[in-house]
Amino acid sequence: MRAARVRPTSPEGTPYGFPGNVAPSSAIEVHDDVPIPQITKPGELLVQVKASTVYKDNLEWNELYPPSHATLGNDFSGIVVAVHEGERDFHVGDHVYGMTHANRGGTWAEYAIVTTDEAVKKPDNLSWEEASAIPGSALTADQALFRHVGLETTAQNGSKRVLITGAGGGIGTFLVQFAALAGHHVVAASSSNERNEIFLRSIGAHEVVEYKDFDMLETVDVIVDSVGFQTLADCWKVIRPDGTLLTFDACSWGYREDHKAKGISQGKEGVRALYMIAEPSRESMQRITEHLIKGNIKGRVSKVVSLSDVREAYESAHSRGVGRGKIAVLI
């Protein structure tokens, strides 16, 4: 079968996956002779992948670099072609979608093994590419807000004031929508109101602000950050002393200790400072699917490419010119 993989080492033989040694896009290779994976244990499904997506920071994930070549891709939509004996929830022919665990990947390929915890039935009204554009971003947003931060999915006991950074991005748009749908007051932050304000208000934001104007912002109960760097550091200015600050920016692991050592978080010792990595979750995917069926949210596809073009697509994912939404890979 065809699959896109990343070389485990540089041309000089130095292993990728260590600090300061991230694989370049040139390390992505499409192979035509990769063996079709086989189900080996209960809870596994063999899926004929119809579409996947591009994550702009995928090559920064240390989990991708085992001793042998790793097949890239985590989001998927496709058709179940084999199940383990005794499987009850899924059947051959089911149309499914979801996200594989970060330490496995595997969906930039014609066939992939996914687990029953990673897949749910695909709504009939979604195309393959639309379905593939949803899981990774939507799962991250859902788990950030409702599992890690602990917001109520319906704000029965009073809404929280929630600041979302990177609100116009792929994950940010789901954060805005989910927080607003749950009944919370959403402050959407981005680098440009001119570019993003109308769109962000259309998906539920109550306030829209640029990062440079944080000093004028009323304090918030919760901040969910997807940007990192200086934006994350500036978040300490607007978080309540007893609030919750969470980031999932790939480069911000250890920010709590770093900001404390630099005095950035001084006076905010009571803030619950969190870091998270999204995991497959049937509970989250079922909640997301309900929103999709009701028409509350939708997957946004900015561009569709073939498996042969994934290296160029990975490079273009870092460009604002690609538009809103995910780059879908039709397999």
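Computation of the quantities below employed the complete heavy-atom set of this structure, encompassing side-chain atoms and omitting hydrogens, waters and symmetry-equivalent molecules. Residue numbers start at 1 and run along the sequence shown.
Across every non-hydrogen atom of Leu59 and Pro24, the tightest pair is CD1-O, 3.6 Å. The shortest non-hydrogen separation linking Ser10 to Tyr16 is CA-OH, 3.2 Å. The two residues Ile134 and Ile288 have their closest heavy-atom pair at CG2-CG2, 3.8 Å. Between Asn193 and Val209 the shortest heavy-atom distance is OD1-C, 3.6 Å. Counting all heavy atoms, side chain and backbone alike, Ile203 lies closest to Gln177 at O-CG, 3.6 Å. Nearest heavy atom pair, residue Leu200 against residue Ala188, reads CD1-CB, 3.9 Å.
The residues Glu207 and Arg161 are annotated as salt-bridged, a charged nitrogen and a carboxylate oxygen being separated by less than 4.0 angstrom. Between Arg201 and Glu197 there is a salt bridge, with a side-chain nitrogen of the basic residue lying less than 4.0 Å from a carboxylate oxygen of the acidic one. One finds a salt bridge joining Arg282 and Asp89 here, because a Lys/Arg side-chain nitrogen approaches an Asp/Glu carboxylate oxygen to under 4.0 Å.
For His291, the ring-ring contact (aromatic ring centres under 6.0 Å, His included) test picks out Phe178, with sequence neighbours left out. Applying the side chain to side chain contact (heavy atoms under 4.5 Å, CB included) rule to Lys298 yields the partners Arg300; only residues at least two apart in sequence or on another chain are considered.
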| message | Assess the residue pair Tyr211 and Ser190 against the criterion (side-chain hydrogen bond (donor to acceptor under 3.5 Å, both in side chains)); give the C-alpha distance rounded to whole Å, side-chain angles, the decisive distance to 0.1 Å, and a yes or no. | response | CA-CA 6 Å; Tyr211 303 134; Ser190 74; 5.8 Å; no
| query | Going through the distances and angles, do Ser306 and Leu330 end up as a side chain to side chain contact (heavy atoms under 4.5 Å, CB included)? | reply | CA-CA 5 Å; Ser306 70; Leu330 285 181; 5.9 Å; no
| request: Take Thr244 and Arg240, measure what side-chain hydrogen bond (donor to acceptor under 3.5 Å, both in side chains) needs, and give me the verdict at the end. | output: CA-CA 8 Å; Thr244 299; Arg240 288 168 54 94; over 6 Å; no
| said: Please determine whether side chain to side chain contact (heavy atoms under 4.5 Å, CB included) holds for the pair Val162 and Val220, giving the CA-CA distance in whole Å, both sets of side-chain angles, and the decisive distance to 0.1 Å. | reply: CA-CA 6 Å; Val162 182; Val220 298; over 6 Å; no
| said: Assess the residue pair Val305 and Ile327 against the criterion (side chain to side chain contact (heavy atoms under 4.5 Å, CB included)); give the C-alpha distance rounded to whole Å, side-chain angles, the decisive distance to 0.1 Å, and a yes or no. | reply: CA-CA 7 Å; Val305 302; Ile327 298 176; 4.2 Å; yes
| Can Val54 and Lys326 be said to form a side chain to side chain contact (heavy atoms under 4.5 Å, CB included), step by step? | CA-CA 7 Å; Val54 176; Lys326 299 291 283 290; over 6 Å; no
| task | List the steps, then state whether side-chain hydrogen bond (donor to acceptor under 3.5 Å, both in side chains) holds for Thr231 with Asp234. | result | CA-CA 5 Å; Thr231 298; Asp234 289 342; 5.7 Å; no
| Stepwise salt bridge (Lys or Arg N to Asp or Glu O under 4.0 Å) check, Asp142 with Arg147 | CA-CA 7 Å; Asp142 181 272; Arg147 178 188 294 182; over 6 Å; no
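Side chains of Ser26 and Arg7: a donor-acceptor N/O pair is absent below 3.5 angstrom, by distance only. In the model, Thr100 has no side-chain atom that pairs as donor or acceptor with a side-chain atom of Glu118 under 3.5 Å.
A donor-acceptor pair is defined here as one N or O able to donate and one able to accept, closer than 3.5 Å; such a pair exists between the side chain of Thr107 and the backbone of Asp75. Although no hydrogens or angles enter the test, the distance criterion places no donor-acceptor pair under 3.5 Å between the side chain of Arg5 and the main chain of Leu72. Of the possible polar contacts, one joining the Glu130 side chain to the Ser127 backbone as a donor-acceptor pair under 3.5 Å is found. No donor-acceptor pair closer than 3.5 Å links the side chain of Tyr111 to the backbone N or O of Arg2. Counting only distance, with no hydrogens or angles, the side chain of Thr247 and the backbone of Asp225 share a donor-acceptor pair below 3.5 Å.
Taken to the nearest 0.5 Å, the OG1 atom of Thr289 stands 12.0 Å off from the NZ atom of Lys294. The NZ atom of Lys237 lies 14.0 Å from the OG atom of Ser265; values are rounded to the nearest 0.5 Å. The distance from atom OG of Ser132 to atom CE of Met99, rounded to the nearest 0.5 Å, is 13.5 Å. With rounding to the nearest 0.5 angstrom, the CG atom of Asn74 is 5.5 Å from the OH atom of Tyr55. Here the straight-line distance linking atom CG of Leu145 with atom CG of Leu181 works out to 11.0 Å at 0.5 Å rounding. Put simply, CD1 on Ile171 and CD1 on Ile164 are 11.5 Å apart, with the number rounded to the nearest 0.5 Å.
Under the 4.5 Å side-chain criterion, counting only non-hydrogen atoms from C-beta, Val80 is not in contact with His91.
The 12-atom threshold is not exceeded at CG of Asp124, counting heavy atoms of other residues, nucleotides or ligands nearer than 6.0 Å. More than 12 heavy atoms of other residues, nucleotides or ligands sit less than 6.0 Å from atom CD of Glu269. With a 6.0 Å radius and a threshold of 12 heavy atoms from other residues, nucleotides or ligands, Glu257 has its CD atom above the threshold. Under a cut-off of 6.0 angstrom, the local environment of NZ in Lys268 is crowded, with over 12 non-hydrogen atoms contributed by other residues, nucleotides or ligands. The environment of CD in Glu283 is sparse: at most 12 heavy-atom neighbours from other residues, nucleotides or ligands sit within 6.0 Å.
Cation-pi check for Lys121 over Phe90 is met; the charged atom lies under 6.0 angstrom from the ring centroid and within 45 degrees of its normal.
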N/O donor-acceptor pairs under 3.5 Å from side chains in residues 36-46, not counting sequence neighbours:
| unit_1 | atom_1 | unit_2 | atom_2 | d |
| --- | --- | --- | --- | --- |
| Gln38 | NE2 | Ile36 | O | 3.2 |
| Thr40 | OG1 | Glu44 | OE1 | 3.4 |
| Glu44 | OE1 | Thr40 | N | 2.8 |
| Glu44 | OE1 | Lys41 | N | 3.4 |

